[in-house]
A.B. asks: 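Structure provided below as structure tokens; questions to follow.
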Amino acid sequence: MTDLRVLRHAWQRVASNKGGRTAGVDGMTVGRIRNRSEHRFLVDLQADLRSGAYRPSPARRKLIPKAGKPEQFRPLGIPTIRDRVVQGAAKILLEPIFEAQLWHVS
């Protein structure tokens with residue numbers, strides 16, 4: 001999971017998603033990270049994962065309207081870009097393992 005190629009692939013998936021324009025509690029967006037340095041972001045994340053210093057941040061809470069129900073809202077948790085990249089890296093590694101174990105009717 002700490003391989004830079006895996007983190008880069010996860011970053012590309014997060015950066016191509018339109019949710020990348022939405023900031024988590026840290027206020028960082030994909031655009032801001034790109035302006036600073038994608039490579040530095042990934043190398044720092046890799047170092048934190050390898051050293052055990054990485055800790056997920058709390059999700060930013062946003063209430064969004066329920067479809068077809070005026071004046072009713074549902075909570076939405078918005079993770080930081082950093083957490084989304086780590087989640088994406090975990091998915092890249094775990095998905096093929098679990099997919100191989102599923103039946104075609106699962």
Side-chain angles (χ1 to χ4, degrees):
M1 187 156 137
T2 61
D3 188 286
L4 202 52
R5 293 172 298 180
V6 173
L7 292 174
R8 190 175 297 115
H9 183 68
W11 162 257
Q12 289 168 346
R13 292 177 102 176
V14 169
S16 67
N17 188 325
K18 85 175 181 182
R21 297 185 305 233
T22 306
V25 293
D26 61 356
M28 295 300 289
T29 62
V30 168
R32 288 181 70 190
I33 292 169
R34 279 187 174 144
N35 287 341
R36 292 180 181 183
S37 172
E38 290 177 27
H39 182 70
R40 182 85 251 148
F41 169 77
L42 294 174
V43 169
D44 289 346
L45 181 56
Q46 179 188 39
D48 286 348
L49 287 168
R50 284 187 173 168
S51 70
Y54 169 79
R55 295 288 180 263
S57 302
R60 183 168 68 104
R61 187 115 176 181
K62 178 89 173 150
L63 294 175
I64 60 171
K66 285 187 174 182
K69 295 184 180 181
E71 299 184 28
Q72 289 188 6
F73 299 91
R74 69 178 181 88
L76 179 68
I78 304 168
T80 62
I81 299 293
R82 184 176 165 99
D83 291 342
R84 289 182 228 177
V85 171
V86 172
Q87 291 169 9
K91 180 180 183 260
I92 289 167
L93 295 174
L94 293 175
E95 192 171 43
I97 296 167
F98 287 104
E99 284 290 326
Q101 296 175 359
L102 293 176
W103 291 6
H104 70 281
V105 293
S106 294

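Residue numbers run from 1 in the order of the sequence given.
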A.B. asks: When you look at CZ of Arg74, are more than 12 heavy atoms from neighbouring residues, nucleotides or ligands closer to it than 6.0 Å?
C.D. replies: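 For Arg74, atom CZ is not crowded (no more than 12 foreign heavy atoms under 6.0 Å).
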A.B. asks: To the nearest 0.5 Å, what is the distance between CD (Gln12) and CG (Leu42)?
C.D. replies: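 Spacing of CD (Gln12) from CG (Leu42) equals 9.0 Å.
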A.B. asks: Which pair of non-hydrogen atoms, one from Thr2 and one from Arg50, has the smallest distance, and what is that distance?
C.D. replies: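 Answer, listing the atom of Thr2 first, then Arg50: OG1-NE, 3.2 Å.
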A.B. asks: Provide the closest heavy-atom pair for Gly88 versus Ala10 in the form atom of the first, atom of the second, distance.
C.D. replies: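 For Gly88 and Ala10, the tightest heavy-atom pair comes out as C-CB, 3.8 Å.
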A.B. asks: Can you name the nearest heavy-atom pair linking Ala89 to Leu7, along with the distance?
C.D. replies: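 Closest approach of Ala89 to Leu7, heavy atoms only: CB-CD2, 4.0 Å.
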A.B. asks: Might you point out which heavy atoms bring Ile78 and Lys62 nearest each other, and give the distance in Å?
C.D. replies: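 What the structure gives for the nearest pair is CD1-CB, 4.0 Å.
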A.B. asks: When clusters are formed by joining ILVMFWY residues with side-chain heavy atoms under 4.5 Å apart, either directly or through shared neighbours, do Met28 and Val25 land in the same one?
C.D. replies: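 As far as the 4.5 Å side-chain criterion goes, Val25 and Met28 are not connected within one cluster.
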A.B. asks: First locate atom CZ of Arg84, then atom CZ of Arg13, and finally report the distance between them rounded to the nearest 0.5 Å.
C.D. replies: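 Those atoms lie 14.5 Å apart.
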A.B. asks: Is the backbone N or O of Ser57 less than 3.5 Å from a side-chain atom of Asp83, with the two atoms forming a donor-acceptor pair by type?
C.D. replies: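 Flag set: sc Asp83 to bb Ser57 pair under 3.5 Å.
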A.B. asks: Consider only side-chain heavy atoms of I, L, V, M, F, W and Y, link residues closer than 4.5 Å, and tell whether Met1 and Val14 are in one cluster.
C.D. replies: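 Linked within one cluster.
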A.B. asks: How long is the straight-line distance from CG of Leu93 back to NE2 of His9, given to the nearest 0.5 Å?
C.D. replies: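 The distance works out to 10.0 Å.
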A.B. asks: I need the minimum non-hydrogen distance between Arg60 and Thr22, along with the two atoms involved.
C.D. replies: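 Of all heavy-atom pairs spanning Arg60 and Thr22, the closest is NH2-CG2, 3.4 Å.
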A.B. asks: Any chance you could lay out the side-chain contact (heavy atoms from CB on, under 4.5 Å) test for Ile33 and Trp11, step after step, and finish with the verdict?
C.D. replies: CA-CA 11 Å; Ile33 292 169; Trp11 162 257; 3.6 Å; yes
A.B. asks: Using the salt bridge (Lys or Arg N to Asp or Glu O under 4.0 Å) definition, which of the options Asp44, Asp26, Asp48 pairs with Arg82?
C.D. replies: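 Testing each of Asp44, Asp26, Asp48 against Arg82, the sole residue satisfying salt bridge (Lys or Arg N to Asp or Glu O under 4.0 Å) is Asp48.
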A.B. asks: Minimum heavy-atom separation for Thr29 and Ala23, please, with both atom names.
C.D. replies: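 In terms of heavy atoms, the two residues are closest at CG2-CB, 3.9 Å.
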A.B. asks: Answer with yes or no whether the hydrophobic clustering places Val85 together with Leu4; edges join I, L, V, M, F, W, Y residues whose side-chain heavy atoms lie under 4.5 Å apart.
C.D. replies: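 Same cluster.
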A.B. asks: Please report the C-alpha distance between Arg21 and Val30 in whole Å, then the side-chain angles of each, then the deciding distance to 0.1 Å, and finally whether the side-chain contact (heavy atoms from CB on, under 4.5 Å) criterion is met.
C.D. replies: CA-CA 6 Å; Arg21 297 185 305 233; Val30 168; over 6 Å; no
